[in-house]
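Letters go in sequence order (proteins before strands), and every chain restarts at 1.
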Amino acid sequence: MSSMQSAIEIISAAVEHALGAPALLRPCADPQFGDYQANGVMAIAKQTKQNPRALAEKIATQLQLADVCEPPTVAGAGFINFKLRREFVAAQVTDAARDPRHGVPSASKLKIVVIDFSSPNVAKPMHVGHIRSTILGDCLARVLKFLGHRVVTDNHIGDWGTQFGMLIIGWKKHRDDAALQRDAITELERLYKFVNNQCELHPALREDVKAELVKLQQGDAENHAIWQQIIDLSKHEFDRTYARLGVSFDHTFGESFYNPMLAGVVADLRAHDIAIESDDAICIFVEGSKAPLIIQKADGAFLYGTTDLATLKYRLDKWHPDEIVYVTDARQQLHFKQVFAAAAKWLPKVPDLRHVWFGSILGEDGKPLKTRSGENVKLGELLDEAEERALAVVTEKNPDLPEQIRNTIARVVGIGAVKYADLSQNRTTDYVFSWAKMLAMNGNTAPYMQYAYVRVQSIFRKAGVATLDGPIALEHPTELDLAKHILRFTETLQAVADDDKPNWLTAYLYDLAGKFSAFYDNCPVIQSAEPTRSSRLQLCRLTADIMKRGLNLLGIETIEQM
RNA sequence: GCGCCUGUAGCUCAGUUGGAUAGAGCAUCGGAUUUCUAAUCCGGCGGUCGCGUGUUCGAAUCACGCCAGGCGUGCCA
């Protein structure tokens, strides 16, 4: 059943065959025109200097789509409009209702995709700056997997760098074991800040810091063991946050993993004259930017560009991906442009490298979100507050529910609200963080979608039916409208994957909820006589399944009551 | 200086890559509950798509020039 062709594919193929060019099939701007419109005719008419309306008429008469839609009509400057036949929609939606994938086929061209996201720094708490990368990357991974692609997720954590000189001194001389036991990252952060302050007061200390760092880099056993402990403690903390968010990774190869490869990478790049010496540093100059990608400093140290190139090569050798996705903030655009250009010069065959970048999260004052004291907002505390606020709402609306159930609802709604707020935004724009908006029961929010799901589910509790059978019939206009939207789930997911834009999925789900509401207001379900009752129950079931699946692909849980 | 990004209703944001009369939510005004969860739904009001010039059958979308804001820009990541 998953192999069935969608309306958009059938119509596109027919138009392209007749036209000899892309159909450019889009949903109609206004439903009075129909369901889909082909815009490709006008483009070709222009190229070949034909009258667009005449060409559209000619193409329209050649199409053999009687099973799928009403006779196509030509309108405006040369649009061909298609209105799906009720019987076709009913048959498709009946199939979808029997399909565990709700009619979404597996992609015909399977890809191997590596996704690099989240990437927090060791010994520092995760903060708001990490949510967008973590949530976006996880969502893209889920969507690509559902579409049948092979996805490798890799958390490229910052586990190497000059900060370890400070951390090792702090660990050796100022460590508070009890604090470390309670909250390792906070204690590590305190140690770092403390030593950093000491260095400012007593510049002579910097020599000690540097000495510890050099010892670590040279493989000193004691320092290496401390470094390893700091990483283990940090990873343990990260995992707690990831568990709350429902995010997981196939691999966590941190930056340190690539250390042994860096000297070889630089040597190879120099040997091929891709990297050259300039002002005592080893640089790669690429088109489009005057500043080079520096891969080795004058003092011999390597930089993150070096690590990124080593990482890229390792991933190619290990997984042979068709595509590598880097989910980071907008500020790294130049860096990745340089890395990608350098890789294209260096490696014989480079896959599709995509920098999926996103804007900042702002406070209500329009400036980057900070605490009152000007610090980064810790992710754990943000999630705590989300759950607390959600619990207050649930308790107010539904005080009779047992506490344990209210807590579960608060967790699912609170975490869902934070994620949904982020994913429903176009990722390229900055967005203003607002508790009131993300927890609102109206509008394009997680609580609204979760509640919409609960409302559908309650029908089944009342109806008390186990199995559903028979064809779905679409009698009322709102049933037909809902069914057509259900059939657009496939094209929505493909668009999300093609452009790395989860907000198209949230928009789809919000529309789905709206169309369900119209149906729900106009079409009694339980009180209807058979066979309408079974038909409508199946439509409800399919809507709920797609809501649940859609939210799951966003990384958001559903509950059965609110 | 150069580069990238952003500018759409009072506010927060969509707008599927050049398509038909630019859409939501909030706010505001009005309506719906003997009926499947009213934590809901329906309707009204609200726009010089930052400004200007161009490209063409057609521009919020593309080009060029301004204006405003953010970010980046040779030895952090």
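- With hydrogens and angles left out, the side-chain atoms of A:E530 and A:S534 include a donor and acceptor closer than 3.5 Å.
- Residue contacts for A:N442: at a heavy-atom cut-off of 4.0 Å it reaches the sugar-phosphate backbone alone, with no base atom in range.
- The shortest distance between the side-chain N/O atoms of A:K297 and the OP1/OP2 oxygens of B:C76 is below 4.0 Å.
- In this structure, A:S458 reaches the bases: a heavy-atom distance under 4.0 Å links it to at least one base atom across the strands shown.
- Side-chain atoms of A:T395 never come within 3.5 Å of backbone atoms of A:A392 as a donor-acceptor pair (strictly under, hydrogens ignored).
- Across all strands, A:N81 comes closer than 4.0 Å to base atoms (heavy-atom distances).
- Between the side chains of A:Q338 and A:S289, at least one donor N or O sits under 3.5 Å from an acceptor N or O.
- The C1' atoms of B:A39 and B:U33 are separated by 15 Å, rounded to the nearest whole Å.
- As judged by a 4.0 angstrom heavy-atom cut-off over every strand, A:I459 is placed among residues touching the sugar-phosphate backbone only.
- In this structure a side-chain-to-backbone donor-acceptor pair under 3.5 Å is present from A:D159 to A:E255.
- In this structure, the CZ atom of A:R427 is 16 Å from the C1' atom of B:G15, given to the nearest Å.
- Rounded to whole Å, the distance from OH on A:Y453 to C1' on B:A39 is 17 Å.
- Remark: the separation of the P atoms in B:U6 and B:C64 is 15 Å, to the nearest Å.
- Every side-chain contact (heavy atoms from CB on, under 4.5 Å) that A:D280 has, sequence neighbours left out, goes to A:E277, A:A298.
- Nucleic acid contact for A:K462: sugar-phosphate only, since backbone atoms but no base atoms lie under 4.0 Å from a heavy atom of the residue.
- Distance A:D500 CG to B:U16 C1': 13 Å, rounded to the nearest Å.
- Side-chain contact between A:S118 and A:F238 is absent, with no heavy atoms from C-beta onward closer than 4.5 Å.
- Listed nucleotides B:C5, B:U40, B:C36 differ in distance to A:I526; the shortest reach to its side chain belongs to B:C36.
- In this structure, the ring of A:Y258 has its center less than 6.0 angstrom from the ring center of A:H156.
- Comparing B:G58 with B:G72, their P atoms sit 42 Å apart, to the nearest whole Å.
- Nearest-nucleotide positions on RNA chain B place A:D30 closer to the 5' end than the other of A:D30 and A:G158.
- Ring to ring, A:Y448 and A:Y451 are not that close: their centroids are 6.0 angstrom or more apart.
- Taking only side-chain nitrogens and oxygens, A:R455 comes nearer than 4.0 Å to OP1 or OP2 of B:A38.
- B:G19 has no base stacking with the ring of A:F79 when judged by centroids under 5.5 angstrom apart and an interplanar angle below 30°.
- A close approach under 4.0 Å does occur between a side-chain nitrogen or oxygen of A:W504 and OP1 or OP2 of B:G15.
- Nucleic acid contact class of A:V454 (heavy atoms, under 4.0 Å, all strands): base.
- Proximity note for A:Q333 (side chain, C-beta onward) versus B:C5, B:A77, B:C75: the nearest is B:C5.
- With A:S360 contributing its side chain and A:D430 its backbone, the two residues share no donor-acceptor pair below 3.5 Å.
- Note: CD (A:Q37) to P (B:A20) measures 7 Å, nearest angstrom.
- Considering every non-hydrogen atom in both A:L167 and A:I230, the closest pair reads CB-CD1, 4.0 Å.
- A straight line from CG of A:L334 to P of B:C75 spans 13 Å, rounded to a whole angstrom.
- The shortest distance between the side-chain N/O atoms of A:Y448 and the OP1/OP2 oxygens of B:C41 is below 4.0 Å.
- Atom CE of A:M438 and atom CG of A:N444 lie 13.0 Å apart (nearest 0.5 Å).
- Across A:L353 and A:A343, no two heavy atoms sit closer than the pair CD1-CB, 4.5 Å.
- For A:A29, the listed nucleotide lying nearest its side chain is B:A20; candidates were B:U35, B:A77, B:A20.
- Comparing A:H335 and A:D430 by the nucleotide of RNA chain B whose heavy atom lies nearest to each, the residue mapping closer to the 5' end is A:D430.
- For A:S278 and B:G74, a side-chain-to-base donor-acceptor distance below 3.5 Å is present, hydrogens and geometry of angles not being considered.
- Among the nucleotides B:G70, B:U37, B:C75, the one closest to the side chain of A:L303 is B:C75.
- For A:E396 against B:A39, a side-chain-to-base donor-acceptor contact under 3.5 Å is absent.
- Nucleotide B:G25 holds its P atom 13 Å from the OH atom of A:Y420, rounded to whole Å.
- Of the side-chain N and O atoms in A:T429, one or more sit less than 4.0 angstrom from OP1 or OP2 of B:A14.
- For the strand RNA chain B, secondary-structure stems (runs of at least three Watson-Crick or G-U pairs, all distances below 3.5 Å) span B:1-7 with B:67-73, B:10-13 with B:23-26, B:28-32 with B:40-44, B:50-54 with B:62-66.
- Of the listed nucleotides (B:G74, B:C4, B:A77), B:G74 has the atom at the smallest distance from the side chain of A:A291.
- Listed by residue number, the members of residues 511-521 of chain A with any heavy atom below 4.0 angstrom from RNA chain B are A:S517, A:Y520, A:D521.
- Closest approach of A:A518 and A:T478 over heavy atoms only: O-CG2, 3.9 Å.
- Of all nucleotides listed (B:U37, B:G15, B:U12), B:G15 comes nearest to the side chain of A:N426.
- When the nucleotides B:A77, B:G25, B:C4 are ranked by their closest atom to the side chain of A:Q332, B:A77 comes out on top.
- Contacts of A:F33 with the nucleic acid, taken as non-hydrogen atoms under 4.0 Å apart, include base atoms.
- Looking at residues two or more places apart in sequence or on another chain, you find a ring-ring contact (aromatic ring centres under 6.0 Å, His included) between A:Y326 and A:F336, A:F340.
- Straight-line distance from the CD atom of A:E364 to the P atom of B:C26: 17 Å, rounded to whole Å.
- A ring pair (Phe, Tyr, Trp, His ring centres under 6.0 Å) check over residues 405-433 of chain A, counting only residues at least two apart or in different chains, returns the pairs A:F433-A:W435.
- Contact check of residues 488-497 of chain A against RNA chain B (heavy atom, cut-off under 4.0 Å) returns no residues at all.
- Residue A:A281 is classed as a base contact, given a heavy-atom separation below 4.0 Å to a base.
- Under a 4.0 Å N-O distance rule, the pair A:R488/A:D511 does not qualify as a salt bridge.
- A donor-acceptor contact under 3.5 Å is formed by the side chain of A:K46 with the base of B:G58.
- Residue contacts for A:D299: at a heavy-atom cut-off of 4.0 Å it reaches no nucleic acid atom on any strand shown.
- Relative to the side chain of A:N503, the nucleotides B:G19, B:A14, B:G74 differ in distance, and B:A14 lies closest.
- The distance from atom CZ of A:R536 to atom P of B:C36 is 16 Å, rounded to the nearest whole Å.
- Contacts of A:A75 with the nucleic acid, taken as non-hydrogen atoms under 4.0 Å apart, include base atoms.
- Of the candidates B:G70, B:G74, B:C57, B:C57 carries the atom nearest the A:A77 side chain, counting heavy atoms from C-beta on.
- Looking at heavy-atom distances under 4.0 Å, A:D329 makes no contact with the nucleic acid at all.
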